[in-house]
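The structure displayed is predicted, hence computed values, not measured ones. In what follows, every chain begins at residue 1, and chains take the letters A, B, ... in the order their sequences are listed.
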Number of protein chains: 2
Amino acid sequence: MVPAIDVSAEMNLLRRRMVERGFKSTPQRDEIARWVFTTHDHFTVDDIINNFRNRGKKISTATAYRVVQMMLELNLLEEHDFGRGTKYYEHTPGHEHHDHIICNDCGQIFEFANQQMEKLKDEIARQMGFAMTKHTLSIYGNCTRCTPEEKNARRNHRA
Amino acid sequence: MVPAIDVSAEMNLLRRRMVERGFKSTPQRDEIARWVFTTHDHFTVDDIINNFRNRGKKISTATAYRVVQMMLELNLLEEHDFGRGTKYYEHTPGHEHHDHIICNDCGQIFEFANQQMEKLKDEIARQMGFAMTKHTLSIYGNCTRCTPEEKNARRNHRA
DNA sequence: GTATGTGCAAAACGTTTGCAAGTTC
DNA sequence: GAACTTGCAAACGTTTTGCACATAC
């Protein structure tokens, strides 16, 4: 049996914020949110739709997009653009701010958090006279597995 | 009379790289490149098309996109996504690496360069075992002019 | 019962592509 | 003249929207 992940705290937070803003509770919103909160990974709207499909259920594209939009407004989701033509999302409750490092080859998205980096961002914003609301840092490259030199090094070692 | 900006060095660089790669020289490519090199600002493909239109000339959408694609391949252009649905570009010759700080309100895109920041990025990539190829940092917020508190402060001063 | 949400299909958006005609080298 | 480039219109993939019907409160 799959161990059930407890997302009741997140679901309660969602409900509270929905009431505050006059959003109604629906099975679609609940199901999407539940999946979003159990997914500790970056996902696309398509992933939401496929998750429904995989479980033999259906959700309309429009609804999926609209629920994501709602969750963004409720500050339960963060949106990222990694230059792949489609937007990526991740839920925010229980996740501190972090940045991303993405492998050009295998496409994996890793996270990292660096205090010094955050301080520097603050400082730069202040220097520029900005009231910072958001900041995104993405590093692209090849991860250990996908670094050509690494592969060669390994190959040479074996030779 | 508008003082002509000398972009011959950039145009020569373009031609050299085009020859290297077997690209042919055409009036469209020349005109777009000339405009791109004189524009020390972030622009969209639409801006290229509008520049032609404003001068009573015409360029097909396809060509504009294709020339931008070519200049990207020749490493004469950098592409940015500021989450506005359309991509922004800037020419690279004569411009050191820098990051961006964008005003949510007036939309202005400012640049900044910070050595400490660059070092940190390098270090993080190394720590994560990545061979870094690219990195983008964008800070969003409200610039001095568009900060609500600033406006209030000014208003109070006058009152 | 009224306000809101859903699903569908159509539209919108920025961008890319197939192809015939035109250009470069 | 062979290879490449252009312009057009059509296609693309992602996201949004109008509208009739269904649901929540």
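- Atom OG1 in B:T44 sits 12.5 Å away from atom NZ in B:K87 (nearest 0.5 Å).
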**Message:** Would B:K121 and B:H97 count as a side chain to side chain contact (heavy atoms under 4.5 Å, CB included) here? Give the steps.
**Reply:** CA-CA 13 Å; B:K121 288 183 199 167; B:H97 174 81; 3.6 Å; yes
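- One atom, CZ of A:R15, and another, C1' of D:dC25, lie 15 Å apart when rounded to the nearest Å.
- Heavy atoms of other residues, nucleotides or ligands lying less than 6.0 angstrom from CD of A:Q116 number 12 at most.
- Within the 4.0 Å cut-off from OP1 or OP2 of D:dG7, at least one side-chain nitrogen or oxygen of B:Q28 is found.
- Under a hydrophobic-cluster definition in which Ile, Leu, Val, Met, Phe, Trp and Tyr are linked whenever side-chain heavy atoms come within less than 4.5 Å, directly or via other members, B:V67 and B:W35 are assigned to the same cluster.
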**Asked** Could you write nucleotides 15-25 of chain C as a row of B, S and -, 5' to 3', where a protein heavy atom under 4.0 Å of any base atom gives B, of only sugar-phosphate atoms gives S, and otherwise -?
**Response** BBBB-----BS
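- Nearest-nucleotide positions on DNA chain C place A:A64 closer to the 5' end than the other of A:A64 and B:R84.
- One interatomic measurement links the two molecules: CG of B:D81 to P of D:dT15, which rounds to 12 Å at whole-angstrom precision.
- Note that A:R126 lies outside the cation-pi zone of A:F130, set by a 6.0 Å cut-off to the ring centre and a 45° limit from the axis.
- A ring-ring contact (aromatic ring centres under 6.0 Å, His included) with A:H100 is found for one member of A:F82, A:F110, A:Y140, A:Y88 and no other, namely A:F82.
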**Request:** Would you sort out whether A:Y89 and A:D47 count as a side chain to side chain contact (heavy atoms under 4.5 Å, CB included), showing the intermediate values?
**Result:** CA-CA 10 Å; A:Y89 300 90; A:D47 292 335; over 6 Å; no
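- Ion pairing between a basic and an acidic side chain is recognised when a charged N comes within 4.0 Å of a carboxylate O; A:D46 and A:R53 show no such pairing.
- Comparing the local axis fitted to the first five base pairs of the helix from C:dG1-D:dC25 to C:dC25-D:dG1 with the one fitted to its last five gives a bend of 30°, rounded to 10°.
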